[in-house]
Amino acid sequence: MSKYIMALDQGTTSSRTIIFDALGNIKALAQHPFTQYFPQSGWVEHDAKEIWASQIATLTEALAKSNLNATDIAAIGITNQRETTVVWDRQSGEPIARAIVWQDRRTADYCDKLKEDKAEFIRAKTGLVVDAYFSATKIKWILDNVAGARQKAKEGKLCFGTVDTWLIYNLTKGKVFVTDPSNASRTMLYNIHTLKWDDELLELFDIPASMLPEVKSSSEIYGYSATRWVDHEIPIAGIAGDQQAALFGQMCIEKGMIKNTYGTGCFLLMNTGEQAIESKNNLLTTIAWQLKGKTSYALEGGVFVGGAAVQWLRDGARMIRTAADINTLAATVEDNGGVYFVPALTGLGAPYWDQYARGAFYGISRGTTDGHIARSVLEGIAFQVYDIVKEMEKDLGEACKEIRVDGGASASDYLMQIQSDIFHFNIVRPKVIETTALGAAYLAALAVGYYESVDTIKSQWQVDRLFSPKLEQEKVKEMLHFWHKAVQSSLNWLH
């Protein structure tokens, strides 16, 4: 039997391939960044062909680094930035426009109009709030604004896919056109209760059903990689959107378990089992995965700007040279000096859902240093996470006991400690923090019989470090008071 599992981890700013052994250890990793396009204020685009080129390059590089052949790989799992919308010509395979990224706000005004009388209609079917974040309004925008697109769509000549679909389509040279329920549930076109594309939603957004991929489970063999890319066919056998993949990779497989991924944004998911809990607190109800005929659901809260705030401090403010330098800079001061940062650089996500909120620093004085600024940026990320978890607790009706963390910024001991202090419970960081890729690898591995069961995987999950609360709760209450005042000011800024 092949010894390794491969995960294609296609993210917002880079494409990666990671090869794991049977114990979940990394054998090889390759990563390539790709271009971000900002053609207008609030617009964010990617070149879908560049995404594909960067992804296949990392696949080849990871195999070379590991000194493995395609025959050594039991299966490929795919995880991806969700909601990002690719539309391409069915015959030529060429994208008809740049991909519209999940962060893009160009359809915000249209969403505002939809909210007036369609918000509950859409939420009841999809579990989502009406927002430019999701794929439906992005597809509609492309059909309405790219010359000839709407006619081609009516004639069945166009394909739509989130990035997982786009990668598999290319990896199989156009033979396989699929997605899974975790990605379909992020389009605002998929009914999470009937588990089908919804005809009423397609009619609302004027999107032909012929554009949509077939929805298959999150763990099964969909097809095989074409030998143009590798010297031997490899089964493509697992798909999950990045956040759901991380939930699985963290083995949050029981009801009430929470993970938070500190990536470009911060995304918290709470497993709610086979029950789709309708949020009363502005959270999203989403499909976690579909495995062996059972659909698992989750509550989700998304922070649009997490690690991206650190990137801005590096590339925009130029206060640090590398992302890791923020920890050194934050350590030069004992506290935040009364400075609070609201990271609403692309609006505020859950639980506020205000696309017009803007990022801001509050409490700056003549005594404020770059250390205070750095500290407030890290704390701003942690405070946003706190707000979401408190709403999750209300929806579930019970208190959270711990959070499992992953993603690049989870490597920051300072950020993890302040997160524990604010919550007053443990933050658990696993030994392998590449849990998004690991989750996709696990789903693929289960499909080809690489593991006997989920219990086999669960037994190998290991803790790297436990962060326990240290800060006095009175101090935490004071910080939360000023944080929420700062948020309110940001929400009021353009209203």
Side-chain angles (χ1 to χ4, degrees), residues 82-83 102-103 123 127-129 131 133-134 186 241-244 246-247 250 252 255-272 276-286 288 297-309 340-355 357 359 377-407 409-410 415-416 418-428 436 467 476 479-481 483-484 486-488 490-491:
R82 305 171 302 171
E83 299 96 16
W102 58 273
Q103 297 161 315
R123 179 189 275 277
L128 307 177
V129 299
D131 194 84
Y133 178 25
F134 306 108
R186 312 299 298 184
D242 52 10
Q243 305 314 319
Q244 291 96 326
L247 190 72
Q250 287 279 29
C252 291
K255 186 175 180 179
M257 294 182 77
I258 297 181
K259 74 89 199 172
N260 183 31
T261 298
Y262 295 83
T264 303
C266 283
F267 293 90
L268 290 95
L269 268 71
M270 174 189 277
N271 189 327
T272 64
I277 294 177
E278 186 177 341
S279 176
K280 301 289 191 289
N281 297 287
N282 275 334
L283 300 176
L284 308 177
T285 305
T286 199
Y297 292 88
L299 282 171
E300 175 172 336
V303 171
F304 293 153
V305 175
Y340 291 84
F341 175 58
V342 181
L345 306 181
T346 55
L348 279 174
Y352 303 102
W353 292 106
D354 191 317
Q355 55 207 9
V377 167
L378 288 172
E379 289 177 357
I381 297 168
F383 285 132
Q384 291 179 109
V385 172
Y386 173 90
D387 286 345
I388 291 172
V389 171
K390 288 294 141 186
E391 302 309 315
M392 284 182 169
E393 289 178 340
K394 290 177 193 173
D395 281 333
L396 194 66
E398 57 186 73
C400 179
K401 298 178 182 66
E402 69 170 33
I403 296 178
R404 295 184 175 186
V405 298
D406 56 75
S410 70
L415 178 55
M416 295 303 97
I418 193 65
Q419 196 76 84
S420 175
D421 289 337
I422 291 170
F423 278 121
H424 205 61
F425 58 58
N426 291 337
I427 301 296
V428 184
T436 301
F467 295 86
V476 172
M479 291 170 74
L480 285 167
H481 169 73
W483 156 254
H484 287 122
V487 169
Q488 206 52 55
S490 284
L491 291 170

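Just so you know, residue 1 is the first one in the sequence shown, and it goes up from there.
Across every non-hydrogen atom of Ala288 and Leu247, the tightest pair is CB-CD2, 4.1 Å. Considering all non-hydrogen atoms of both residues, Ala309 and Val305 come closest at N-CG1, 3.4 Å. Scanning all heavy atoms of the two residues, the minimum distance from Ala298 to Leu269 falls at CB-CD2, 4.1 Å. Leu491 and Tyr352 get closest at one heavy-atom pair: CD1-CD2, 3.8 Å. Nearest heavy-atom pair across Tyr386 and Ile422 is CD1-CG2, 3.2 Å. Closest heavy-atom contact between Ser279 and Leu299: CB-CD2, 4.0 Å.
Within the 4.5 Å cutoff, the side chain of Arg186 has heavy atoms near those of the Leu284 side chain. Proximity of Gln384 to Cys266: side-chain heavy atoms (C-beta onward) are nowhere separated by under 4.5 Å. You'll find the side chain of Leu128 stays beyond 4.5 Å of the side chain of Tyr133, heavy atoms only. With contacts defined as side-chain heavy-atom distances shorter than 4.5 Å, the pair Asp387/Pro351 qualifies. Side-chain contact between Met392 and Ile258 is present, with at least one heavy-atom pair separated by less than 4.5 Å. Contact annotation: the side chain of Trp483 never approaches that of Glu379 to less than 4.5 Å [non-hydrogen atoms, C-beta and beyond]. Inter-residue side-chain proximity for Arg82 and Trp102 is flagged as unmet; no heavy-atom pair is nearer than 4.5 Å. The side-chain heavy atoms of Val405 and Val428, taken from C-beta on, include no pair separated by under 4.5 Å.
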Stepwise, does the side chain to side chain contact (heavy atoms under 4.5 Å, CB included) test hold for Ile381 with Val303? CA-CA 8 Å; Ile381 297 168; Val303 171; 6.0 Å; no
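The CD atom of Glu300 sits 12.0 Å away from the OG1 atom of Thr272 when rounded to the nearest 0.5 Å. Considering CZ of Phe423 and NZ of Lys401, their distance stands at 14.5 Å, rounded to 0.5 Å. In this structure, Arg404 CZ and Asn260 CG are separated by 14.0 Å, a value rounded to the nearest 0.5 Å. Distance check: Glu391 CD to Leu268 CG gives 12.0 Å after rounding to the nearest 0.5 Å. Note that CE of Met257 and CE of Met270 are 11.0 Å apart. Values are rounded to the nearest 0.5 Å. For the atom pair CD of Glu278 and CG of Asp395, the computed distance is 9.5 Å after rounding to the nearest 0.5 Å.
Side-chain atoms of Thr261 do not come within 3.5 Å of backbone N or O of Asp406 as any donor-acceptor pair. Of the possible donor and acceptor atoms, none in the side chain of Lys259 sits under 3.5 Å from a partner among the backbone N and O of Gln244. A donor-acceptor pair is defined here as one N or O able to donate and one able to accept, closer than 3.5 Å; no such pair exists between the side chain of Glu402 and the backbone of Asn426. Put simply, the side chain of Ser420 gets close to the backbone of Phe425: a donor and an acceptor are under 3.5 Å apart. Of the possible donor and acceptor atoms, one in the side chain of Gln419 sits under 3.5 Å from a partner among the backbone N and O of Ala382. A distance-only check finds no donor-acceptor pair linking the side chain of Ser490 to the backbone of Val342 [under 3.5 Å].
By the neighbour-count criterion of 12 heavy atoms within 6.0 Å, atom NE2 of His484 is densely surrounded, having more than that number from other residues, nucleotides or ligands.
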